Amino acid sequence: EEAIGRANAMAMEAEQAYIEINQIFKTVAGGIVLIDKQCKILRCNDTFLKMTGVDRKALQDRKCYELLPSAMCGTEQCPLQRIKQGEKYIASEIEKLDGSGKTVHYSIISTPFKGAAGELLGTVEHITDITERVKAERALAESEHRYKELSIVDELTTLFNKRYFNTHLKLEVERASRH
């Protein structure tokens, strides 16, 4: 009776753990996808389906590189290939055209997907849409370039100003002294 009681308790704990993991898998903000060693998609959450624009039926027997192709696919830089070589954590970024023709940027974290005995089954990939961050970074870089240009060029005449002259005069004098 005691053994049956422990077995029932363990079964209830396992069922509760399954419910919790399944809830996390379904509600996590980013896309989650399990990929086997042959690049076949085993399971994914609804967020991943939204990112790729594919329904669950169309996902059957599809390869990861068919849905999120990148320059790394089919090369030594492929996260799956790197995990097969023993890496434990791979961070990468890709860009993809969505259904409306807009460029979307994704951050992908790849980690090993292992079986109960510890054998490698494939990868777990967590995919986050970073399009807004990439746009902000590009706007910042453009703004920095514009402000640097404004600091050395006269806005009215578009000629270099005194600050530019002083900086380059010093450099030219140093070069003349060397040569």
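Since we're looking at a predicted model, the values are computed, not measured.
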With rounding to the nearest 0.5 angstrom, report the CZ to CG distance, Arg43 to Leu34.
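Going from CZ on Arg43 over to CG on Leu34, the span is 7.0 Å.
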Side-chain heavy atoms of [X] within contact of [Y], under 4.5 Å:
| X | Y | answer |
| --- | --- | --- |
| Tyr106 | Asp129 | yes |
| Lys135 | Glu132 | yes |
| Leu68 | Phe48 | yes |

Assess, by modelled atom type and distance only, whether the side chains of Gln81 and Gln85 contain a donor and an acceptor separated by less than 3.5 Å.
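No, no side-chain donor-acceptor contact under 3.5 Å.
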Check whether [X] reaches the backbone of [Y] with its side chain - one donor and one acceptor, N or O, closer than 3.5 Å.
| X | Y | value |
| --- | --- | --- |
| Ser143 | Ala139 | no |
| Thr75 | Gln77 | yes |
| Arg163 | Ser151 | yes |
| Asp46 | Leu49 | no |
| Asn45 | Gly30 | yes |
| Ser107 | Glu93 | no |
| Arg56 | Cys44 | yes |
| Ser70 | Met72 | yes |

Looking at [X], I'd like to know if its [atom1] atom is crowded, meaning that more than 12 non-hydrogen atoms belonging to other residues, nucleotides or ligands lie closer than 6.0 Å.
| X | atom1 | value |
| --- | --- | --- |
| Glu76 | CD | no |
| Lys63 | NZ | yes |
| Leu171 | CG | yes |
| Glu119 | CD | yes |

Working for side-chain contact (heavy atoms from CB on, under 4.5 Å), residues Gln16 and Glu13
CA-CA 5 Å; Gln16 183 62 32; Glu13 285 180 29; 5.7 Å; no
Evaluation steps, side-chain contact (heavy atoms from CB on, under 4.5 Å), between Lys37 and Lys84:
CA-CA 8 Å; Lys37 292 196 290 187; Lys84 285 179 180 177; 3.9 Å; yes
If the threshold is 4.0 Å, N to carboxylate O, is there a salt bridge linking Arg133 and Glu137?
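Yes, this pair counts.
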Before accepting this row, confirm whether a basic side-chain N of the pair Arg6/Glu2 lies closer than 4.0 Å to the acidic partner's carboxylate O.
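Salt bridge flag = yes for Glu2 with Arg6.
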